[in-house]
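In what follows, every chain begins at residue 1, and chains take the letters A, B, ... in the order their sequences are listed.
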Amino acid sequence: MKTEYRTHTCGELSAAHENQIVVLAGWVAKQRNHGGMVFIDLRDREGLIQIVFHPERDKPMTERAGRLRMEAVIAVRGRVTRRPQEMVNKDLRTGEIEIEAHELNVLNEARPLPFMIRDDNDASDELRFQYRYLDLRRPVMQKNMMLRHRAGQTVRRFFDEEGFTEIETPYLMKSTPEGARDYLVPSRIHRGRFYALPQSPQTYKQLLMIAGYDRYFQIVRCFRDEDLRADRQPEFTQIDVEMSFVGEEDVLNTVERLMARLFQEILGIHLDTPFPRLAYQEAMDRYGSDHPDLRFGMEIQDISDWACRVPFRVFQETLRKGGRVRGFKVENTFFSRRQTDDLTEYVRLLGVGGLIAVQWRDGEMISPLVRFLEDSQKNELTRLFNACEEDAIFLTADTEALCCESLGSLRKKIAENLNRVDTNRYSPLWVLDFPLLEWNEEERRYVARHHPFTSPNEEDWDLLETAPEKVRARAYDLVLNGYEIAGGSIRIHNRPMQDRMFGVLGLSPESAEDKFGFLLKALEYGAPPHGGIAFGFDRLVMLLAGETSIREVIAFPKTTSALSLMDGSPSGVGLEQLGELGLKINRKD
RNA sequence: GGGGCCGUAGUUCAAUUUGGUUAGAGCGCCGGCCUGUCACGCCGGAGGUUGCGGGUUCGAGACCCGUCGGCCCCGCCA
């Protein structure tokens, strides 16, 4: 990439350029001053190369080079030379060669750094976020950002080739009930009224289908004013997709081809298609999660039938109240008392009463449960889990929901602690047949599990008003290595069903009209059957990059408390600005 | 809203378990030496309101309360 300042980039040079006179520009990654000769590792986006300054050639220049500090920006003219055999650096891509400096131009000095620009730097996150522009100089971060770029380009190429049109949708839109808390934007022109930033372009993409665009996609920013996690930011990027005249298989198939393409182009990894599928209920029963990680076993089993014959009060009472007894096996591990105590504390925090470990020592079963068990019951338990004496079994007794939740979390935690997760594997999975609705105790009503535009399964239509919790949705989630990375559904495309759905959600016709009237009306003007999906692009890139936090693949992320440490947002604004918007701050402590 | 871990030199950490002399080390920074290093090496030096506020104590980096900030989790996230 030749420019006014350089003829080549550092990383692109090799022995093939031997004897060429080149000009490079970049940052001083490291300087090694030997009193006589001086070595400088020059870094740019493309890589690192060693520059050699010989005092015999130019003493003042060599001395200037010897005084350079890390991260000074310099340009160097010099000759590409092959290193003597014994001085080749095999750890460096350009290690066969070096640049014999003829001319040094210091373009900018750098102050002593708050932390060093190295991949193995272990600066605190706080400092990294504060000096994000320095953090982003680290090769690993540059790699992540470029991977993100390439993934985005692959997505665009794929959808373009598949006949999708990328259409931008508004960022200033109508605030709607249901779902996450909106970020609000006050209107200056219409005082007292607000726009909302989109939680997703859901309604717009449906309107685009009604408008006849057939296939739409967009790589788009979405905003949700909720608390953060390692895999959640208040603003995040979706690959938003919608298709007309499709059923589930059309969407799933398209997504599988996109995923296969991404993994091939970005990582050179072949993904087998079609992806495995699990029904929601099966995922919950076997893994205690609707987004299970299938890279390790430890499947959960229901042993209520066995437990009902054990005269252990907790089992008896739990089962009498309609709860379950479930557990899973951990192969080839013995947990110390201390460890089982810690794990018990862990599940207690999730809300279950306790955790029962079953293990063996010297051929004897050891467990708080042992004194309640006949020999035959011990054998039966062992057989149920197909366990041997090197294994450990963990059991909980509680409501079905708590059994799932606690054992699902515990399964994941133990696998991580014991390094039982094959981190080189990518394990995609479809989860299907989600319940359409779930009961919200706080609001005393049913809420949409996915969103209120999701089509109920036709076979379950009759249950909508009589047994809403039993209605299955035409929804699907794509799970990768235990992360939900995409979710979508076939939508409701006619007004009567959408009215019915709002009714089930406890939304009055007036309220539905007020909040979603524009969509309801549009459904009456020839809405085609349609469906789609949206990817969490940050999570997807995080997994492609082998990271465990999406902050590592977002250039300027927020902290856990939604602050931007670099620019100090959110910040206060002047009274003038507030006045213009007709706003008054009500500070209460 | 709740829980857990953490906050000591520019930086990464130690000293906290059991409160007790002058708060140490690596890297960086400054000065000197060093002509084939690539974590260059050697010698010397500067650098601290122990996040902030209060309390307990003869004495607090350490213990207690509050607060601010970071990370992780629960709730929340259609």
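- For the OP1/OP2 pair of B:G70 and a distance below 4.0 Å, the side-chain nitrogens and oxygens of A:R551 include no atom meeting the criterion.
- Taking 4.0 angstrom as the limit, A:R32 places a side-chain polar atom (N or O) nearer than this to OP1 or OP2 of B:C40.
- As judged by a 4.0 angstrom heavy-atom cut-off over every strand, A:R229 is placed among the base-contacting residues.
- Residue-nucleotide stacking is present for A:F39 and B:U37, judged by a side-chain ring centre under 5.5 Å from the six-membered base ring centre and planes under 30° apart.
- Between A:E98 and A:R82 there is no salt bridge, since no side-chain N of the basic residue sits under 4.0 Å from a carboxylate O of the acidic one.
- Here the two rings, on A:F394 and A:F335, have centers that are under 6.0 Å apart.
- The side chain of A:K30 places no N or O atom within less than 4.0 Å of a non-bridging phosphate oxygen (OP1 or OP2) of B:C27.
- The aromatic ring of A:H54 does not sit over the base of B:U35, since the test of centres under 5.5 Å and planes under 30° is not met.
- Centroid-to-centroid, the aromatic rings of A:F537 and A:F236 stay 6.0 Å apart or farther.
- Using a 4.0 Å heavy-atom criterion, one finds that A:L92 contacts no nucleic acid atom at all.
- Between B:A15 and B:G61, the two P atoms lie 16 Å apart (nearest whole Å).
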Going through the checks in order, is the salt bridge (charged side-chain N to carboxylate O under 4.0 Å, His left out) test met by A:R449 and A:D477? CA-CA 12 Å; A:R449 216 195 136 79; A:D477 274 3; over 6 Å; no
